[in-house]
> 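Below is a structure I'd like to ask you about.
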Amino acid sequence: MIINPDQLNTNKNDISIHKNQFDHLASSLSKQGIEVDQIVDKLANFQVAIPSWALGAGGTRFGRFSYYGEPASLEQKLEDIGIIHALTKSAGAVSLHIPWDIPEDYKAIKELANSLDIKFDAVNSNTFQDQPNAKESYKFGSLSNTSKTVRDQAIAHNREVIDIGKELGSKSITVWLADGSSFPGQNNFQTALSHTQNSLKEIYDVLPDDWKLFIEYKPYEPYFYSTVIQDWGTSFLLANECGEKAYTLVDLGHHLPNTNIEQIVATLMWKGKLGGFHFNDSKYGDDDITVGSIKPYALFLIFNELVYGMNNNPQNPELSWMIDASHNLKDPLEDLIQSLEAIQVTYAKALLVDQHQLKEAQKNNDITLCQEILQSAYLTDVRPLVKQARLQQHGAIDPLKTYRSLLVREQLVKERGKHTVATGL
């Protein structure tokens, strides 16, 4: 299914209402000295990658419930992302997970992606589960395994992922390890970390000059006593050991409850080592639910540091953005549309923060004013700015409303049937 521009914004009343709301907000912000056009341009240019594994129904330890019409091939996954991008104009990239989504015809896949205005973002390796016909098992770890044979297999897989990414035009690889232990004494911590460091260096050695290596971290799960790369500090340490092309990747769900993620972001950007960012939300742990659905103010505080870092830390590279979610109950496309909206809205609010005024208040230890500056930006309804950015890019004023009015899911079910199953989570 392809959405054509002439299917968008056909309701003149919606356009009229939006124009009134935007003009009112733009006038108010302009009087405060805020360059509205610059903010709209930044929103229009902000792109977030959609992971290939997030287009189907997710699952839990106890079950998986399909939403029907799931994409059964990589081609169909790209078509689904094309639908999201046509509506939102902020999903112009895909992040592939290997071996779930290895292209059968690279030329055809690249042509399809190009026709949908989609680029290939970071490729992701998978050593957290055994693959068919693999000689060795990752039951007791991959890059950290006590067996060199197993480690070599995991290293070879990551090198293969890089080769696949090169064919597609990707410029980075993300490594997340499930490696860890569930019982005290099961692993020697130093040995496991040493093996991981050496393995990552071997992967890094074949990295093309214009590529980046993103090292992800997670405090627990699937193991529940220790994780080899358990926090940002360990990831940062490993990135430094690998070299200047290696960076830490922050996933919002990969932290213990109430972790100050905004401080982590600020520290990494200051050191020039924040490479990527995965969006999701959570109540208890790595819940992988809709961005901004649980802790919207926490997301705003994180974005405030991201915006500050992008403006003040030239030593940090341009960030790679991606949504990492598991859609267990909602239509995956609707959930992704909602996530993109939350990201854009929060980014817009962070752009409203008067960083100069905030810096002065911090310098004077005026804590009350600091809070007022942040709260003023956060409480501003910036949705007209986000809608204007979409219109500027020829997207939909209200992507979710348009998605439903066009009966997209019903059409996908009609085309694909009820029993297709997407690869991935």
Side-chain angles (χ1 to χ4, degrees), residues 42 45-54 74 77-78 81-82 85 90-103 105-127 155-177 199-217 235-236 238-251 265 268-269 271-279 306 309-310 313-324 343:
K42 287 182 178 181
N45 293 323
F46 193 78
Q47 299 295 311
V48 182
I50 304 296
S52 61
W53 62 90
L74 177 54
K77 290 182 177 184
L78 289 179
I81 296 173
H85 188 45
S90 57
V94 59
S95 185
L96 298 190
H97 206 297
I98 309 301
W100 290 338
D101 293 298
I102 300 177
D105 185 333
Y106 286 92
K107 184 178 182 224
I109 283 294
K110 287 193 287 186
E111 287 177 351
L112 175 60
N114 186 60
S115 71
L116 298 170
D117 191 28
I118 295 171
K119 295 180 174 60
F120 289 93
D121 200 69
V123 283
N124 301 260
S125 60
N126 180 338
T127 60
I155 293 167
H157 166 69
N158 278 274
R159 288 180 167 180
E160 178 189 15
V161 172
I162 292 172
D163 289 338
I164 291 171
K166 284 157 58 175
E167 288 281 341
L168 295 168
S170 295
K171 295 295 181 182
S172 53
I173 177 174
T174 299
V175 176
W176 173 70
L177 295 185
S199 297
L200 286 171
K201 283 183 175 180
E202 290 194 44
I203 297 167
Y204 184 87
D205 285 344
V206 300
L207 208 63
D209 291 340
D210 58 347
W211 270 54
K212 299 183 184 74
L213 168 65
F214 298 146
I215 303 173
E216 203 169 346
Y217 60 89
S235 170
F236 177 68
L238 292 170
N240 280 334
E241 287 293 326
C242 284
E244 62 181 12
K245 296 181 294 185
Y247 300 88
T248 292
L249 184 142
V250 173
D251 183 305
V265 166
L268 289 170
M269 295 191 82
K271 286 296 183 181
K273 277 295 184 178
L274 180 61
F277 201 90
H278 285 183
F279 293 101
L306 289 167
M310 287 187 283
N313 299 132
Q315 69 274 24
N316 202 81
E318 184 176 344
L319 295 175
S320 177
W321 312 96
M322 193 192 82
I323 294 171
D324 191 357
I343 291 168

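This is a predicted model, so every value here is computed, not measured.
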> If you look at every heavy atom in Ser52 and His97, which pair is closest and at what distance?
OG-N, 3.4 Å

> Give a yes or no on whether the backbone of Gly272 and the side-chain of Gln315 come within a donor-acceptor separation of less than 3.5 Å.
no

> Please enumerate all residues that pass side chain to side chain contact (heavy atoms under 4.5 Å, CB included) together with Glu244, with sequence neighbours excluded.
Tyr204

> Could you please spell out the steps behind the side-chain contact (heavy atoms from CB on, under 4.5 Å) verdict for Ile50 and His85?
CA-CA 10 Å; Ile50 304 296; His85 188 45; over 6 Å; no

> Kindly write out the residues that satisfy side chain to side chain contact (heavy atoms under 4.5 Å, CB included) with Asn240, not counting sequence neighbours, or none if the list is empty.
Phe236, Lys273

> Of the non-hydrogen atoms in Lys245 and Leu207, which two are nearest, and what is the gap between them?
NZ-O, 3.2 Å

> By salt bridge (Lys or Arg N to Asp or Glu O under 4.0 Å), which residues pair with Asp163, not counting sequence neighbours?
Lys166

> Out of Leu96, Ile173, Ile203, which residue meets the side-chain contact (heavy atoms from CB on, under 4.5 Å) rule with Val161?
Ile173

> In chain order, what residues pass the side chain to side chain contact (heavy atoms under 4.5 Å, CB included) check against Ser320, with sequence neighbours excluded?
Asp121, Phe214

> Could you check if a side-chain atom of Leu74 sits within less than 4.5 angstrom of a side-chain atom of Leu112, using non-hydrogen atoms only?
no

> Rounded at 0.5 Å granularity, tell me how far CD1 in Ile109 sits from CG in Asn114.
12.5 Å

> Given 3.5 Å as the limit, does a donor-acceptor pair link the side chain of Asp105 with the main chain of Lys107, or not?
yes

> I'd like to check Ile162 versus Ser125 (side-chain heavy atoms, cut-off strictly below 4.5 Å). Are they in contact?
no

> Can you check side-chain contact (heavy atoms from CB on, under 4.5 Å) on Val206 and Asn158, steps first, answer last?
CA-CA 10 Å; Val206 300; Asn158 278 274; over 6 Å; no

> Is there side-chain contact between Ser90 and Val48, with at least one heavy-atom pair below 4.5 Å?
no

> Go through the structure and list residues passing ring pair (Phe, Tyr, Trp, His ring centres under 6.0 Å) with His157, not counting sequence neighbours.
none

> Tell me, do Ile323 and Ile343 make a side-chain contact under 4.5 Å, heavy atoms counted?
yes

> Just to verify, which of Asn124, Asp101, Asp324 counts as forming a side chain to side chain donor-acceptor pair (under 3.5 Å) with Trp53?
Asp324

> Can you tell if the side chain of Val250 reaches within under 4.5 Å of the side chain of Tyr217, non-hydrogen atoms only?
yes

> Side chains of Leu319 and Met269: closer than 4.5 Å at any heavy-atom pair?
yes

> Could you report the tightest heavy-atom contact between Leu200 and Ile215, atom names first, then the distance?
CD1-CD1, 4.0 Å

> If every non-hydrogen atom of Ile81 is compared with every non-hydrogen atom of Ala91, which pair is closest and at what distance?
CG2-O, 3.7 Å

> Within the distance-only criterion (no hydrogens, no angle test), does the side chain of Lys212 pair as donor or acceptor with the backbone N or O of Tyr247 below 3.5 angstrom?
no

> Between Val123 and Gly165, what is the shortest heavy-atom contact and its length?
CG1-CA, 3.9 Å

> What distance do Asn316 atom CG and Met310 atom CE have between them, rounded to the nearest 0.5 Å?
10.0 Å

> Got a second to check how far Leu168's CG is from Lys119's NZ, nearest 0.5 Å?
14.0 Å

> Side-chain contact test, heavy atoms from C-beta onward, threshold under 4.5 Å: evaluate it for Ser235 versus Leu249 and give yes or no.
no

> Return yes if some donor-acceptor pair links the side-chain N/O of Trp211 with the main-chain N/O of Ser170 below 3.5 Å, else return no.
yes

> Are side-chain heavy atoms of Val265 and Phe277 found at a separation under 4.5 Å?
yes

> Going by side chain to side chain contact (heavy atoms under 4.5 Å, CB included), name the residues that satisfy it together with Ser199, two or more places apart in sequence or in a different chain.
Leu143, Arg151, Ile155

> Can you give me the closest heavy-atom contact between Ala122 and Thr174, atom names plus distance?
CB-OG1, 3.7 Å

> Determine yes or no for a side-chain-to-main-chain donor-acceptor pair under 3.5 angstrom, with Lys110 supplying the side chain and Glu167 the backbone.
yes

